[in-house]
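Working notes for the structure below.
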2 protein chains.
Amino acid sequence: MFDRLRSHVMARIELTEEQFAESTRFFIPRHLRRKEFLLRAGDTGRYIAFVNRGCLRSYTIDKKGVEHVVQFAIEEWWIADLYSFLTDEPATYYIDALEDSEVLLLDRPSQEELCATLPAYERFFRLLLERNYIANHRRIAATLSLTAEERYLFFMKTYPQFVERLPQHQIASYLGITPESLSRIRRKLMQKS
Amino acid sequence: MFDRLRSHVMARIELTEEQFAESTRFFIPRHLRRKEFLLRAGDTGRYIAFVNRGCLRSYTIDKKGVEHVVQFAIEEWWIADLYSFLTDEPATYYIDALEDSEVLLLDRPSQEELCATLPAYERFFRLLLERNYIANHRRIAATLSLTAEERYLFFMKTYPQFVERLPQHQIASYLGITPESLSRIRRKLMQKS
DNA sequence: TTCAATCATTGATGTAGATCAAGAAATTGG
DNA sequence: CCAATTTCTTGATCTACATCAATGATTGAA
């Protein structure tokens with residue numbers, strides 16, 4: 001159950017086996033079927049989720065009813081509506097499972113207690129946020145400076161594991177284009193090579 | 001010199017006056033004239049900067065030579081090429097001053113030592129990154145789901161202090177549109193009201 | 001105080017990607 | 001294994017915003 005989390009955490013911070021074992025009591029395992037929601041906009045989403053198996057996404061729905069994928073998460077990734085997690089305000093994102101999945105949930109009080117009990121976890125979450133900060137700024141820069149085709153190539157290069165695993169229209173949504181446009185981009189790239 | 005940093009830090013973490021005073025030795029004050037670079041893409045940018053006075057921006061330059069603003073920073077904001085800071089790889093962003101500015105620089109070894117000496121700073125940087133994570137995800141969601149006009153309104157609402165202070169074409173660049181388009185959007189909004 | 005640079009505006013025209021519509025292909029769950 | 005659903009593709013057309021070009025308004029350095 002906690003094998004993947006153990007290797008993930010212990011690769012990043014100094015922790016004994018005993019300390020890690022102690023930390024597992026803070027995590028709540030949960031199974032999600034494909035299309036099942038972990039969180040809906042409006043809920044108070046007081047946990048962050050570590051993906052043990054499967055694939056999830058967070059997204060918004062605009063006023064026309066169109067979904068816009070903000071993030072994907074597969075094995076060893078974390079996903080959350082961090083704003084809601086940190087402030088207890090209602091969530092602004094939806095999070096659901098794109099495949100049957102297993103997640104480990106950590107709620108806010110548990111995270112506080114975990115960091116207080118094992119300060120190395122404070123460092124762990126800082127490192128996690130640093131990586132995220134970098135990835136988000138790259139995505140912003142890509143959106144500002146690249147065409148749809150270039151963004152797709154960038155996505156393929158950066159997240160090859162996602163390209164084989166996700167439906168195309170989900171990737172299109174993440175890239176900020178329509179499924180039709182992505183289909184045409186792919187055709188064009190096929191012809192080139 | 002450190003007044004603004006003191007109130008900024010002490011509003012966020014528990015620190016005695018003595019502890020804060022101790023921490024100031026890690027920061028290197030630096031003055032920047034308008035248009036002066038703090039960092040260029042390709043440099044190794046091994047510090048993060050706290051803005052004491054003035055205004056800076058980070059940006060990329062695309063293959064056509066067009067600049068794309070990734071971030072603005074005014075008083076009490078932090079700015080950096082975090083990837084370069086964390087990895088020692090060459091910077092991917094440019095950072096320069098839009099006004100004459102004073103910054104406090106913290107290099108990577110100093111940050112490590114600071115966090116080791118005063119663990120509250122570990123928490124401080126985690127909090128900082130959390131806020132940033134939220135802001136970045138909101139910006140991504142806005143880019144995915146809003147029109148140029150809606151993004152401008154969102155920007156005005158979120159960062160009113162920037163709107164009065166920054167040249168329009170810098171805001172246009174941040175929003176991912178041309179200065180001409182922003183000018184037309186503003187005209188349209190004037191007429192509406 | 002002036003001249004050069006920077007910045008904002010406006011009009012004419014171009015285009016990347018959206019939208020609409022329809023059908024084909026692939027998946028999935030019963 | 002099959003019907004229902006989801007996903008992908010393709011064509012025709014549309015539109016938000018870009019590009020190009022010119023002019024005026026501000027700003028700032030000497």
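The chains referred to below are lettered A, B, ... by the order of the sequence lines, with proteins before strands, and numbering in each begins at 1.
- Counting only residues at least two apart or on different chains, the salt bridge (charged side-chain N to carboxylate O under 4.0 Å, His left out) pairs with a member in residues 50-66 of chain A are A/Arg53-A/Glu102, A/Arg57-A/Glu67, A/Arg57-A/Asp96, A/Lys63-B/Glu150.
- Distance, A/Glu164 CD to D/dT7 P: 18 Å, rounded to whole Å.
- Distances shown here put a side-chain N or O of A/Gln168 below 4.0 Å from the OP1 or OP2 atom of D/dT9.
- The distance between atom CZ of B/Arg186 and atom C1' of C/dC7, rounded to the nearest whole Å, is 12 Å.
- Taking B/Gln168 as the reference, B/Arg186 meet the side-chain hydrogen bond (donor to acceptor under 3.5 Å, both in side chains) condition, with sequence neighbours excluded.
- Between B/His169 and C/dA8 there is a side-chain polar atom (N or O) within less than 4.0 angstrom of OP1 or OP2.
- One interatomic measurement links the two molecules: CG of B/Leu166 to P of C/dC7, which rounds to 11 Å at whole-angstrom precision.
- Applying the salt bridge (Lys or Arg N to Asp or Glu O under 4.0 Å) test to B/Glu89 and every residue at least two apart in sequence or in another chain returns nothing.
- With sequence neighbours excluded, no residue satisfies ring-ring contact (aromatic ring centres under 6.0 Å, His included) with B/Tyr93.
- A search for side-chain hydrogen bond (donor to acceptor under 3.5 Å, both in side chains) contacts involving A/Tyr94 returns nothing, not counting sequence neighbours.
- Atom CD of A/Glu150 and atom P of C/dG17 are 9 Å apart (whole Å).
- Within 6.0 Å of atom CE in A/Met156, more than 12 heavy atoms from other residues, nucleotides or ligands are found, so the atom counts as buried in its surroundings.
- Through chains of ILVMFWY side-chain contacts below 4.5 Å, A/Ile140 is grouped with A/Leu144, B/Ile140, B/Leu144.
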Between the protein and nucleotides 25-30 of chain C, which nitrogen or oxygen pairs are less than 3.5 angstrom apart?
{"from": "C/dG29", "atom 1": "OP1", "to": "A/Arg34", "atom 2": "NE", "distance (Å)": "3.4"}

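- Toward the 5' end of DNA chain D, the nearer of the two residues A/Lys35 and A/Pro179, judged by each one's closest nucleotide, is A/Lys35.
- In terms of the ring-ring contact (aromatic ring centres under 6.0 Å, His included) criterion, B/Phe154 has no residue partners (sequence neighbours excluded).
- Applying the 4.0 Å criterion to OP1 and OP2 of D/dT7, one finds that A/Gln170 has every side-chain N and O outside that range.
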At under 4.0 Å between heavy atoms, how does the protein contact nucleotides 11-26 of chain D? Give one character per nucleotide, 5' to 3', with B, S or -. BB----SSBBB-----
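- Take A/Tyr159 and apply the ring-ring contact (aromatic ring centres under 6.0 Å, His included) test, not counting sequence neighbours, and it matches A/Trp77, A/Phe155, A/Phe162.
- Recorded end-axis angle for the helix from C/dT1-D/dA30 to C/dG30-D/dC1 stands at 70°, based on five pairs per end and rounded to 10 degrees.
- Counting heavy atoms from C-beta outward, A/Phe26 and A/Thr117 have side chains that approach closer than 4.5 Å.
- Taking atom CE of B/Met190 as the reference point, atom C1' of C/dA8 lies 12 Å away to the nearest angstrom.
- Remark: A/Tyr47 pairs with no residue by the side-chain hydrogen bond (donor to acceptor under 3.5 Å, both in side chains) rule, at least two apart or across chains.
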